[in-house]
There are 2 protein chains.
Amino acid sequence: MSKTPFTTVINLLRAQALIQERFSGELGSVHGLALNEALLLMHLEKAPLRRLTRVDLAKRLHASPSTVTRMAAPMEKIGLVARQADPRDARLAYVVLTEAGLTLVGDVRKTLERRSSELFRDRWSDAEVASLAKLLGRLTAGELGDLA
Amino acid sequence: MSKTPFTTVINLLRAQALIQERFSGELGSVHGLALNEALLLMHLEKAPLRRLTRVDLAKRLHASPSTVTRMAAPMEKIGLVARQADPRDARLAYVVLTEAGLTLVGDVRKTLERRSSELFRDRWSDAEVASLAKLLGRLTAGELGDLA
DNA sequence: CATAGATGCTTGCGAATGCAAGTATCTATG
DNA sequence: CATAGATACTTGCATTCGCAAGCATCTATG
C-alpha cells in the first residue's frame with residue numbers, strides 16, 4: 001500500500017494553514033474582515049440577485065446556520081449586507097449584498113488575487129499553478145459555490 | 001493578469017474543508033481524538049526522543065502555545081502523553097509520547113492512511129495523486145515538521 | 001380544513017482558541 | 001556577581017463556533 005495519498009492530505013493541511021496565516025493579516029488590517037467574512041461576501045457576489053439564504057450560505061462556507069446568523073449580524077450593522085424577506089416564504093431571511101458590500105468585495109477580491117499571485121511568484125511556472133488548480137478542483141468537484 | 005493563482009487558493013481552501021469534514025467524524029468516533037490532537041501525536045512520534053516542547057509543538061501545529069498547553073492537559077490525563085522536565089533548562093516542559101500514545105498513534109495513522117486512499121480511490125491515477133502531493137509539498141517547502 | 005412532519009432561523013450553552021499579562025528561568029553584559 | 005532582556009509556560013478574558021432546543025412557517029396527507 002502506497003502512502004502517497006496520506007502525504008497528499010498532510011501537505012494539503014499544511015498548505016491551508018500557510019495560506020490562512022498569510023492572508024488573514026492583510027485582510028483584517030486593510031479591509032477589516034476575517035477570511036470567512038470575505039468568503040461570505042464573495043459567495044453573495046456570485047449568487048443570483050446577489051443574495052442567499054442563511055442555510056445556503058452555511059453549506060457554501062462549510063459552517064452551521066447559527067454561525068452564519070452570527071457572522072451576518074455585524075456585517076449588517078456596518079451596511080455590507082442587508083436582510084431581505086421572501087414574499088412567498090416567510091421563513092426565509094436572505095442575506096443580500098448592499099452597494100457598499102459590492103464595492104468592498106471587489107477590493108477584497110483584488111487583494112486576494114494579488115496575495116495569491118505572490119504565493120506562486122517564485123519557483124512556479126504558470127503551467128504548474130494551473131496543474132495544481134486543476135487537481136484541487138477535481139478533489140472538490142461535487143461541491144457548491146465556485147467563487148473563482 | 002491571470003486569475004489562476006486565485007482559483008488555486010480558493011480550491012485549496014475548499015479541499016481542506018472537505019478533508020476536515022470527512023476525517024473528523026471517524027477520527028472522533030473510532031479513536032476519540034480531534035484532528036488537531038491526532039496531528040499533535042504524530043508530530044511527537046516523528047520527533048527525536050518522541051518529545052517536543054510546547055513552543056515547538058505550537059509552531060508545527062500552527063497554534064499558540066496556550067492552545068498546546070490546553071490540548072495536552074486532557075491527553076496527559078488519559079495517559080497518551082506525559083510531562084517531562086529538562087534537567088538543563090527548568091523552563092522547558094516537554095510533551096513526551098507514552099507507550100499507550102505510541103500505540104494509539106499507530107492506529108490513528110492507519111485510519112488516516114486508509115481514509116486518504118479512499119479520497120482518491122475513484123477517478124485518480126497514482127501519477128495524479130503523486131503530482132498533487134509534490135505540488136503541495138513545494139508550497140510548504142520551508143515549513144517545520146513533515147509527518148509524512 | 002386540520003394535522004404531522006419538514007424546513008429556516010435564532011438563541012443558550014459549552015468547547016476550542018488567541019492575545020495579553022504574569023511568573024519562572026535562562027543568557028548576555030558589565 | 002548583579003541586572004536587563006529573552007524565552008517557556010500558564011492563566012484570565014474575549015471571541016468564534018457547533019450542537020441542541022425552540023419558534024415560526026411551509027408542505028403533504030387525509
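To find a chain, count down the sequence lines: A is the first, B the second, and so on, and within it residues start at 1.
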Margin query: Distance check, rounded to the nearest 0.5 Å: B/His31 atom NE2 versus B/Arg109 atom CZ?
Written below: 12.0 Å
Checklist line | Value in whole Å for how far the P atom of D/dA8 lies from CD of B/Gln84 | finding: 17 Å
Note to self: Looking only at the side chain of A/Thr69 (C-beta and beyond, no hydrogens), which of the listed nucleotides C/dT17, C/dC26, C/dT11 gets closest?
What the structure shows: C/dT11
Checklist line | Nearest-Å distance for atom pair CD/P, residues A/Glu21 and C/dT17 | finding: 14 Å
Check: Tell me: CZ of A/Arg70 to P of C/dA16, nearest whole Å?
Finding: 17 Å
Pull out every protein N or O sitting under 3.5 Å from an N or O of nucleotides 2-6 of chain D, one pair per line with the distance.
none

Next item on the list: Report the distance from atom CG of A/Leu61 to atom P of D/dC17, rounded to the nearest whole Å.
Entry: 10 Å
Next item on the list: Can you check whether any acceptor in the base of C/dG8 is under 3.5 Å from a donor in the side chain of A/Arg83, or vice versa?
Entry: no
Next item on the list: May I have the distance from A/Glu76 (atom CD) to C/dC9 (atom C1'), rounded to whole angstrom?
Entry: 13 Å
Checklist line | Polar side-chain contact B/Ser66-C/dC19 base: donor and acceptor under 3.5 Å | finding: yes
Check: If you look at every strand shown and take non-hydrogen atoms under 4.0 Å, does B/Ala63 touch a base, only sugar-phosphate, or nothing?
Finding: sugar-phosphate
Notebook entry, point to check: B/Asp86 CG to C/dT25 P: how many Å, rounded?
Noted result: 14 Å
Checklist line | Close side-chain approach of A/Leu18 to A/Arg22, heavy-atom, < 4.5 Å | finding: yes
Checklist line | Canonical and wobble pairing (Watson-Crick, G-U, under 3.5 Å) of DNA chain C, dot-bracket with | | finding: ||||||||||||||||||||||||||||||
Check: Do any of residues 36-56 of chain A sit with a heavy atom less than 4.0 Å from DNA chain C, and if so which?
Finding: A/Thr53, A/Arg54, A/Val55
